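See structure below.
Just so you know, residue 1 is the first one in the sequence shown, and it goes up from there. Keep in mind the model is a prediction, meaning the values are calculated, not measured.
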Amino acid sequence: MIEVEHLKGLSVAEQKVEIVERKGLGHPDYICDSIMEAISVALSGEYIKEFGTVLHHNIDKGFLVAGQVEKMFGRGSITKPMELIIGDRATFEVGEKKIPVGDIAIEASKRWIRENMRFIDPSQDIYYRVVLAPGSVELTDIFLRPGEVRVANDTSAAVGYYPLTSTEKAVLEFEKFLNAKDFKERYPETGEDVKIMGLRMGSKLDMTVAMPMISRFILNEDDYFEKKVRLEEEMQDFLARFKEFGGIDVNYNTLDERGRGINGIYLSLLGTSAEDADSGQVGRGNRVNGLISMNRPMGTEAAAGKNPVSHVGKIYNILSHKVAKDIYENIKGIKEIYILLLSRIGTPIDRPQVASAQVLLNEGVSIEKISKQIEDHMEDALTKIGDFCMDLSKGKYPVC
């Protein structure tokens with residue numbers, strides 16, 4: 001069932017107060033989401049190679065247990081490695097053919113760490129505990145049923161929206177700038193654990209930034225604060241490109257306090273707070289569009305690591321944002337659009353219980369004139385959901 005509804009009121013960009021958060025590349029929650037998704041992609045590839053299809057698995061229960069380190073100016077050491085716990089269910093064998101699920105999971109984890117975290121040795125600095133097990137008979141049976149698309153393995157709802165507001169764009173691009181390869185080459189002393197909280201009050205934007213400095217590059221307290229000034233200037237220069245705001249303030253590492261030595265500054269040995277301060281968990285980080293936007297409706301499903309061909313908690317979460325973007329970019333007159341998708345367990349994923357489009361329109365635009373176009377776009381997306389799921393299995397869409 002497809003429904004199109006005309007919303008009235010202010011768009012998020014027109015509201016006085018807007019709050020947007022992004023947990024960046026080295027945040028423990030981001031690491032968990034990214035690694036569990038990398039494992040799902042690796043397993044999906046192995047299943048397709050061996051059996052021609054994606055088999056039952058859900059790698060959406062993961063926990064990064066914080067370790068312990070000693071940090072000193074110019075150096076530091078690990079006293080207790082981090083531990084990555086990998087769950088939840090996977091297919092270990094079909095007939096007489098066995099799949100090395102544990103080996104695949106650990107290698108995918110190490111590969112992600114090598115490619116994204118400059119100062120973590122994935123073989124020395126993290127322990128891996130694989131607690132994956134075979135799935136239940138009923139959920140595994142989904143993959144034995146005929147049909148080009150799978151049935152939903154859960155009754156679940158998801159919501160996506162478009163376009164992003166200027167605040168959302170600024171927060172998203174700001175974190176990517178601070179974790180870009182070029183920035184890290186120019187400022188190797190900065191860690192990957194970047195967290196940004198954006199607050200827009202009217203036209204004014206306030207950015208609170210947390211980003212550690214790497215202890216090996218910091219000689220003393222004065223050196224830290226001198227580097228901090230340069231980094232703040234670099235941040236202001238980058239944010240100056242967002243002309244739509246009436247002013248942007250940056251507040252960087254606001255817990256710092258001069259005179260307290262190493263205890264009063266944000267230092268890191270490995271670039272992530274998971275080294276000694278903050279554990280990470282799947283589903284506690286960004287939504288699938290990379291943001292935690294307080295003014296938007298948000299689902300509760302964690303998309304990372306879920307099965308890409310049957311778990312609607314992943315499929316509908318990402319598809320709802322994609323459909324919203326496609327409709328906005330192809331149909332004139334839309335100010336803001338929200339797509340809601342609801343599955344019913346056991347029903348093919350291309351036939352949701354409801355697919356709803358809620359639309360804010362520009363002045364002078366009639367919902368009657370565009371509702372049929374919206375319905376056609378939604379129907380087309382559902383018709384092509386099989387191809388979309390294959391793209392998900394290859395990791396073509398980000399989940400955090």
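With salt bridges taken as basic N to acidic carboxylate O contacts below 4.0 Å, none links Arg111 and Glu115. By the 4.0 Å N-to-carboxylate-O rule, Arg241 lies too far from Glu173 to be salt-bridged with it. Taking 4.0 Å as the cut-off between side-chain N and carboxylate O, Glu189 and Lys227 do not count as a salt-bridged pair. Between Asp276 and Lys71 there is a salt bridge, since a side-chain N of the basic residue sits under 4.0 Å from a carboxylate O of the acidic one. A salt bridge between Glu107 and Arg114 is present, with a side-chain N of the basic residue lying under 4.0 Å from a carboxylate O of the acidic one.
Aromatic pair His57/Tyr47: centroids less than 6.0 angstrom apart. Aromatic pair Phe73/Tyr224: ring centres not closer than 6.0 Å.
Screening residues 77-86 for side chain to side chain donor-acceptor pair (under 3.5 Å), with sequence neighbours left out, gives Glu83-Arg129. Residue pairs meeting the salt bridge (Lys or Arg N to Asp or Glu O under 4.0 Å) criterion with at least one partner in residues 229-239, sequence neighbours excluded, are Arg186-Glu234. The salt bridge (Lys or Arg N to Asp or Glu O under 4.0 Å) analysis of residues 196-205, with sequence neighbours excluded, yields the pairs Glu18-Arg200. Judged as a salt bridge (Lys or Arg N to Asp or Glu O under 4.0 Å), the pairs with a partner in residues 278-287 (not counting sequence neighbours) are, in order, Asp29-Arg284.
By the 30° and 60° cut-offs, the orientation of the rings of Phe183 relative to Tyr187 is tilted.
In this structure a side-chain-to-backbone donor-acceptor pair under 3.5 Å is missing from Lys372 to Lys369. A donor-acceptor pair is defined here as one N or O able to donate and one able to accept, closer than 3.5 Å; no such pair exists between the side chain of Asp380 and the backbone of Asp376.
Within a 6.0 Å radius of NZ in Lys176, no more than 12 heavy atoms belonging to other residues, nucleotides or ligands are found.
Residues Leu291 and Val288 fall into different hydrophobic clusters, defined by Ile, Leu, Val, Met, Phe, Trp and Tyr side chains chained together at heavy-atom separations under 4.5 Å. No chain of hydrophobic side-chain contacts below 4.5 Å, direct or via other Ile, Leu, Val, Met, Phe, Trp or Tyr residues, connects Val159 to Val359. Residues Ile339 and Tyr162 share a hydrophobic cluster, clusters being chains of Ile/Leu/Val/Met/Phe/Trp/Tyr side chains in contact below 4.5 Å. Using a 4.5 Å cut-off between side-chain heavy atoms of Ile, Leu, Val, Met, Phe, Trp and Tyr, with links allowed through other members, Phe238 and Met213 fall into the same hydrophobic cluster. Taking hydrophobic clusters as Ile, Leu, Val, Met, Phe, Trp and Tyr residues chained together by side-chain heavy-atom distances below 4.5 Å, Met117 shares a cluster with Ile126.
Residues Ile337 and Ala357 share a closest heavy-atom pair of CD1-CB, 4.4 Å. Contact between Ala170 and Phe245 at its shortest, heavy atoms only, is CB-CE1, 4.2 Å. When all heavy atoms are compared, the tightest approach of Asp223 to Ile218 is OD2-CA, 3.5 Å. Closest of all the heavy-atom pairs between Arg344 and Ala152 is O-CB, 3.8 Å. Counting all heavy atoms, side chain and backbone alike, Ala302 lies closest to Val282 at CB-CG1, 3.8 Å. Nearest heavy-atom pair across Pro308 and Lys314 is CA-CD, 3.9 Å.
Inter-residue side-chain proximity for Ile48 and Lys394 is flagged as unmet; no heavy-atom pair is nearer than 4.5 Å. The shortest side-chain heavy-atom distance between Ser156 and Tyr316 does not fall under the 4.5 Å cut-off. Ile2 is listed as a side-chain neighbour of Glu379, based on a closest heavy-atom distance under 4.5 Å. The shortest distance between side-chain heavy atoms of Glu175 and Leu25 falls below 4.5 Å. Counting heavy atoms from C-beta on, the side chains of Ile99 and Glu50 never come closer than 4.5 Å. Side-chain atoms of Tyr161 and Glu336, non-hydrogen and from C-beta on, never get closer than 4.5 Å to each other. In this structure, Ile39 and Ser109 have side chains that are in contact, with non-hydrogen atoms separated by less than 4.5 Å. You'll find the side chain of Met211 stays beyond 4.5 Å of the side chain of Asn179, heavy atoms only.
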Trace of the side-chain contact (heavy atoms from CB on, under 4.5 Å) decision for Trp112 with Glu37: CA-CA 10 Å; Trp112 190 90; Glu37 180 64 9; over 6 Å; no

Could you please spell out the steps behind the salt bridge (charged side-chain N to carboxylate O under 4.0 Å, His left out) verdict for Asp60 and Arg89? CA-CA 9 Å; Asp60 57 340; Arg89 292 293 181 263; over 6 Å; no

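Residue Leu55 holds its CG atom at 6.0 Å from OG1 of Thr53, rounded to the nearest 0.5 Å. Interatomic distance, Gln68 CD to Met82 CE, rounded to the nearest 0.5 Å: 12.0 Å. Rounded to the nearest 0.5 Å, atoms CD1 (Ile31) and NZ (Lys23) are 12.0 Å apart. Leu43 contributes atom CG, which lies 7.5 Å from atom CG of Leu132 (distance to the nearest 0.5 angstrom).
Other residues sharing the hydrophobic cluster of Met201, ordered by chain and number and joined by side-chain separations under 4.5 Å: Val17, Ile19, Met197, Leu199, Ile292, Met294, Met298.
Not counting sequence neighbours, Tyr127 has no partner by the ring-ring contact (aromatic ring centres under 6.0 Å, His included) test.
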